[in-house]
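Here the structure is laid out as structure tokens; the discussion comes afterwards.
Note that the coordinates shown come from a computational prediction; the quantities given were computed from them, not determined experimentally. In what follows, every chain begins at residue 1, and chains take the letters A, B, ... in the order their sequences are listed.
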Amino acid sequence: MSEFSSQLSELDAFIDGLDTLEGKLIVVLHKAQDVCGWLPAEVQNHIAHRLKVPASKVYGVVTFYSFFNTKPKGRCKISVCLGTACFVRGAQGIAEEFEKRLNIKVGETSGDKAYSLDSIRCVGACGLAPVVSVNGKVYGRVAPADVDGILNEHK
Amino acid sequence: MSKFRMHILVCGGTGCMSSSSGEIFDVFEKELSANSLSNEVQVIKTGCFGFCEQGPIVKIYPDNVFYVQVKPADVSRIISEHVIKGRTVPDILYKNPESKETVAEHREIPFYHSQLRIALRNCGLINPEEIDDYISVSGYEALGKCLTEISREDVISAVKASGLRGRGGAGVSTGFKWEMAYKSQGDKKYVICNADEGDPGAFMDRSILEGDPHSVLEAMAICGYAIGADEGVIYIRAEYPLAVERLRIAIRQAEEYGLLGDDILGSGFSFHISLSLGAGAFVCGEETALMNSVQGMRGEPRMKPPFPAQAGLWHKPSNVNNVETWANIPPIILKGADWFKSIGTEKSPGTKVFALAGQINNVGLVEVPMGIKLRDIIYKVGGGVRGGKRFKAVQTGGPSGGCIPAELLDLAIDYDSLQSVGSMMGSGGMIVMDETDCMVNIAKYYLEFTVEESCGKCTPCRIGNRRLLEILEKITSGQGTEDDLTELKDLSAAIQDSSLCALGQTAPNPVVSTMKYFWDEYIAHVRDKKCTAGKCTSMLTYKVTDKCIGCTICAKNCPVNAISGSLKSLHSIDPAKCVKCGVCFNKCPKQAIERV
């Protein structure tokens, strides 16, 4: 039994429900990442098989878009906005503070899969710059001194 | 909306939602019902008011009283004072920073003075999740008028005559695009809404979709009727979950009302709209890349011609417009091309929504007539530079635009004037920078962005921009030479000339414009190895001056133990150990640390 068998059957049910398979690769990948959390090679191969496209094409699309993850993410997903508005209000310093506290770089996940740290380009909450989003919750006007508090909230 | 004596409008835009406007809405509902007021007073979650800096915003209608920075704890006071007794709650009114006077009325706030709202007309006014609200403000009237009274050709002529230009970036005539798609022969045509708002710092499209989704649906249906398409696709960023949700609701409601779907209003015209979610690629804002992405492929741009109007989505004739452009269509149909042309400038009629952000007091969304001076946007509407600092530049057009210096503040903005000074309209992002921003570093920031977002299809963009970035990294780390500046110029010109799509062609703009207007800063970096703004850390040195009182705070906070000195004696920094993090500079209570 594969590690993802239950997720793959959920994905299969979704694919079966589509009216056409043409042009649906990105739609299916969104769903796959939704149910699996990320897109391991096994899942990509499965999608290629089901949509009758080469696995290389699936891989090409997955790696083209920043939304798709080819590595598992941590339970606590921290995204520091590095859009221009946040950047000019010191977002780089916030990202560095998280790197220091978590001992990982932007784009990485901690060894125990507790945290992953990413940068995003603008969530559109520029009035609150600099902005950090943790598992979808947005923190505004963040200062480096707030980083500890944010991490404690998501222990 | 007539049965209620009062409406409480709570901003439900992303900015305000991030600072607990959702909770404020819930507390209002709860407390109104606790006070048995639910039948008299209605609380509505609206789209963005635009004044994000002062969020969360609550507006009381019909009194037009505007409360700012509202907290859930303020709700009971608003109800007991304002709703029940009719008195405003002074401490949460907007305070004019200059006169220090509180301002109750929405219209009296300087931020709104110079604004004229066409695209944002319904944002902050109606409940975006209620189609009846949209219909009550003349919603779907333009569609009805087109289907029953105006011929397809006349719709196109009206849009063409209005002079409306694409609000997403390049400023191509919308009517011209429609006409091209209309003339194209094909058994199937598509209408596409480009909602892949990728410019960092621009959030007008998101606000329109969140605050007034039906206006976009209506406009797309009008276009479908005019060019002969029966299918519409909205390509939207997956990063905008709230907008996606509201669009889904809007499409469902419009279908239920027979305003979308088969045989709309019994006219025989059918039009269906579906959503296509992006997956995080800036280049997909380019219309041909967008269409590839809708087809489930990598979002790489196609060669033009053929243009989308000839062979677009699935190689069928397609018309792509951006969200803000769509939002302008229904008023143009209802009020006429002449009305629209009376606003703005001759070559750029109408208004433009700008997202003000960066080092400016009033961060937010503003809609102003074209031709307004930059100075008026930044000082009158935007309230000037934060913290009383000196204005240095404003960046327009996102990663494809340029930086405009203080000496051009009196520029009347429209598509052409911005281009003439080396920037562009883009989607309308406006990032204000002050004296503490290093322009070389800003150029580097944008290049980092484009290098990351380059799709890799054509060489000038894929490799050229990376080389540009490397040179900028060299300069900001203090290793640059004057030859590098020549190299930057030559390479920029080559990339602009030879890239396949607009992303590559415009990627060097931030470099070219900063070199044009801030040449001194580049020279200071390469010749004197100095960053006057103090942003390029590797060029800085930190020194303890004799203001030091020996409190040891700096030494205790230094992460690399580079500071030595005993209590009550002058400290010193070991330059060999110093990592230039600036902690000592920020922590010193006596400003005894000097950064040169």
Proximity breakdown for [X] and chain B, heavy-atom pairs closer than 4.5 Å:
X	answer
A:T63	side chain
A:E22	both
A:V61	both

In terms of heavy-atom pairs under 4.5 Å, which option from [options] contacts chain B the most?
options	value
A:A85, A:G93, A:G136	A:A85
A:V88, A:L25, A:L128, A:V138	A:V88
A:A129, A:G140, A:P144, A:G127	A:G127

Checklist outcome for this item: Against chain B, residues from residues 28-57 of chain A with at least one heavy atom under 4.5 Å, in numeric order, are A:H30, A:K57
Residue [X] versus chain A: region with a heavy atom under 4.5 Å:
X	result
B:L277	both
B:Y446	side chain
B:Q295	backbone
B:V283	side chain
B:E197	neither
B:R298	both
B:C16	neither

Next on the checklist: Donor-acceptor pair, distance only, cut-off 3.5 Å: does the side chain of B:Y445 make one with the backbone of A:L82?
Outcome noted: yes
Look up atom [atom1] in [X] and atom [atom2] in [Y], then write down how far apart they are to the nearest 0.5 Å.
X	Y	atom1	atom2	answer
B:M297	A:F64	CE	CZ	10.5 Å
B:E448	A:S119	CD	OG	10.0 Å
A:R89	B:I360	CZ	CD1	9.0 Å

For chain A, which of [options] has the most heavy-atom pairs under 4.5 Å?
options	value
B:Q395, B:R237, B:M17	B:R237
B:M433, B:Q359, B:R386	B:R386
B:G456, B:G299, B:G201	B:G299
B:S293, B:A281, B:S19	B:S293
B:F51, B:Y240, B:W314	B:W314

Heavy atoms of other groups near [X] [atom1], more than 12 under 6.0 Å:
X	atom1	answer
A:N103	CG	no
A:F4	CZ	yes
A:K105	NZ	no

Checklist outcome for this item: Exactly one of B:T14, B:V363, B:L356 clears side-chain contact (heavy atoms from CB on, under 4.5 Å) with A:C126, and that residue is B:V363
Checklist entry - Considering all heavy atoms of both residues, which atom of B:A279 and which atom of A:Y65 are nearest to each other, and what is their separation? => result O-CB, 3.1 Å
Next on the checklist: Show, in sequence, the C-alpha distance, side-chain angles and deciding distance for A:R121 and B:F282, and conclude whether the side-chain contact (heavy atoms from CB on, under 4.5 Å) test is met.
Outcome noted: CA-CA 10 Å; A:R121 301 284 187 186; B:F282 178 67; over 6 Å; no
